[in-house]
Amino acid sequence: MPKKLDEPDIKALAKKPIFEKVADGDWYQYGKEPQLQAIVKSSTQAIQKLNKIAVDDFDEALKQLHELAPHMADDVEVYFPITNIEYPNNLFIDEGTFINLNFTILSAGKITIGKNCFLGPNTQLYTPNHHPNKKEMRREGWQYDLPITIGDDCWFGGSVIVLPGVEIGDNVVVGAGSVVTHDIPSNTVVAGNPAHIIRHV
C-alpha cells in the first residue's frame with residue numbers, strides 16, 4: 001500500500017536535495033531530475049554490457065557486477081542475463097545468497113537481501129509508488145520510493161514480485177508467481193496474488 005496519499009508540498013520539496021527526498025520517501029518528479037536519469041541510463045547500459053560479457057565469460061561478468069553493485073557480499077552469485085538494477089548503490093545483499101536469471105530492480109528505493117537466500121528466475125523488486133487516485137499527479141510524473149527488505153534464508157520460486165515498502169522476515173518461502181503486497185512474518189510459507197500465509201514452519 002502507498003505510504004501516503006497526500007499531494008506534495010512543492011515549495012517544501014524544492015528546498016530538499018533529490019537524494020534526500022528519495023531516502024526520505026518523499027514525492028519527486030523523475031522526469032525533472034537529471035541526476036537520477038543519468039544514474040538509471042548509466043546502470044542500464046552497464047547491465048546490458050555485462051549480459052553480453054557473460055555470454056563468453058560468466059566469471060568476468062560476475063566480477064564486474066560486484067564492482068557495479070559494491071554492497072554485495074563477495075560470495076553472492078547472480079545468473080545472467082539480468083533485466084535491470086536501476087540504482088546499484090542502493091542494493092545490499094548478504095553472504096551466501098544466489099539469484100537466478102532475469103533479476104529486476106526498479107527503482108531508487110533501498111533493497112536489502114539477507115544471508116543464504118535463493119531467489120528464483122524473474123524475481124522482480126519494485127520500490128516506486130505513484131498516486132492511485134490522482135491521475136493529474138501521474139501525468140506530471142510524481143512518484144516516491146519505499147525500501148524493500150528480505151530477511152535471511154528466504155526462498156522465492158520463479159516470477160515472484162515484491163511491491164514497495166514490503167518487509168519479509170527470515171526463513172520465508174514464497175511460492176512461484178506470487179505478488180507480495182504486504183509484510184510477511186518469519187517462518188512462513190506464502191503464495192498467491194496477493195500473497196497470503198499458507199502455513200507456518
Side-chain angles (χ1 to χ4, degrees), residues 1-6 22-27 47 65 69 71-73 75-134 137-138 142-201:
M1 292 296 292
K3 176 184 176 184
K4 51 188 177 297
L5 295 180
D6 57 323
V22 170
D24 291 345
D26 287 327
W27 292 101
I47 292 296
L65 175 63
H71 305 301
M72 298 195 308
D75 65 346
V76 169
E77 190 162 17
V78 182
Y79 272 16
F80 298 91
I82 296 169
T83 303
N84 209 356
I85 301 173
E86 287 195 333
Y87 294 81
N89 278 308
N90 292 354
L91 174 60
F92 295 78
I93 307 180
D94 216 331
E95 61 191 24
T97 286
F98 168 75
I99 299 173
N100 216 318
L101 52 80
N102 294 327
F103 187 42
T104 302
I105 296 181
L106 308 176
S107 152
K110 182 179 179 180
I111 301 287
T112 304
I113 302 172
K115 299 177 182 178
N116 303 311
C117 292
F118 294 160
L119 304 189
N122 306 308
T123 292
Q124 302 166 62
L125 308 178
Y126 298 137
T127 70
N129 261 314
H130 301 279
H131 205 297
N133 303 326
K134 302 274 188 181
M137 287 182 63
R138 297 198 299 270
W142 288 99
Q143 72 175 69
Y144 61 92
D145 288 87
L146 298 177
I148 291 173
T149 301
I150 299 168
D152 299 336
D153 296 295
C154 291
W155 171 29
F156 289 9
S159 300
V160 168
I161 298 173
V162 182
L163 297 189
V166 166
E167 294 186 16
I168 296 175
D170 299 330
N171 189 31
V172 173
V173 177
V174 183
S178 296
V179 180
V180 185
T181 62
H182 54 81
D183 293 353
I184 302 295
S186 298
N187 304 310
T188 53
V189 177
V190 303
N193 181 7
H196 59 280
I197 295 175
I198 303 296
R199 61 185 173 92
H200 295 268
V201 295

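Numbers here are sequence positions counted from 1.
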request  = Have a look at R199 and tell me which of V173, N187, V189 forms a side-chain contact (heavy atoms from CB on, under 4.5 Å) with it.
outcome  = V189
Under a 4.5 Å cut-off applied to non-hydrogen side-chain atoms, are [X] and [Y] in contact?
X    : Y    : answer
P81  : N102 : yes
Y87  : I105 : no
V162 : L125 : yes
L146 : N129 : yes
C154 : I113 : no
N171 : S186 : no
L65  : I47  : yes
N116 : D152 : no

inquiry  = To check you understand the geometry: which heavy-atom pair defines the closest contact between M72 and L91, and what is its length?
reply    = SD-CD2, 4.4 Å
request  = Can you see which heavy atom on P164 is nearest to which on P128, and at what distance?
outcome  = CG-O, 3.3 Å
If you round to the nearest 0.5 Å, how far is [atom2] of [Y] from [atom1] of [X]?
X    : Y    : atom1 : atom2 : value
N100 : F118 : CG    : CZ    : 11.0 Å
F156 : Q124 : CZ    : CD    : 12.0 Å
N84  : T104 : CG    : OG1   : 7.5 Å
D94  : T112 : CG    : OG1   : 9.5 Å
F103 : T123 : CZ    : OG1   : 6.5 Å
N122 : L101 : CG    : CG    : 6.5 Å

request  = Would you sort out whether Q143 and D145 count as a side chain to side chain donor-acceptor pair (under 3.5 Å), showing the intermediate values?
outcome  = CA-CA 7 Å; Q143 72 175 69; D145 288 87; 3.3 Å; yes
Return yes if some donor-acceptor pair links the side-chain N/O of [X] with the main-chain N/O of [Y] below 3.5 Å, else return no.
X    : Y    : result
D170 : G151 : no
H182 : V166 : no
H196 : V190 : no
T97  : C117 : yes
S178 : G192 : yes

query = Between W27 and H131, how do the two ring planes meet: parallel, tilted or perpendicular, split at 30° and 60°?
reply = parallel
Neighbour count >12 (heavy atoms, 6.0 Å) for atom CZ, F92 =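 Enclosed: over 12 neighbouring heavy atoms sit under 6.0 Å from CZ of F92.
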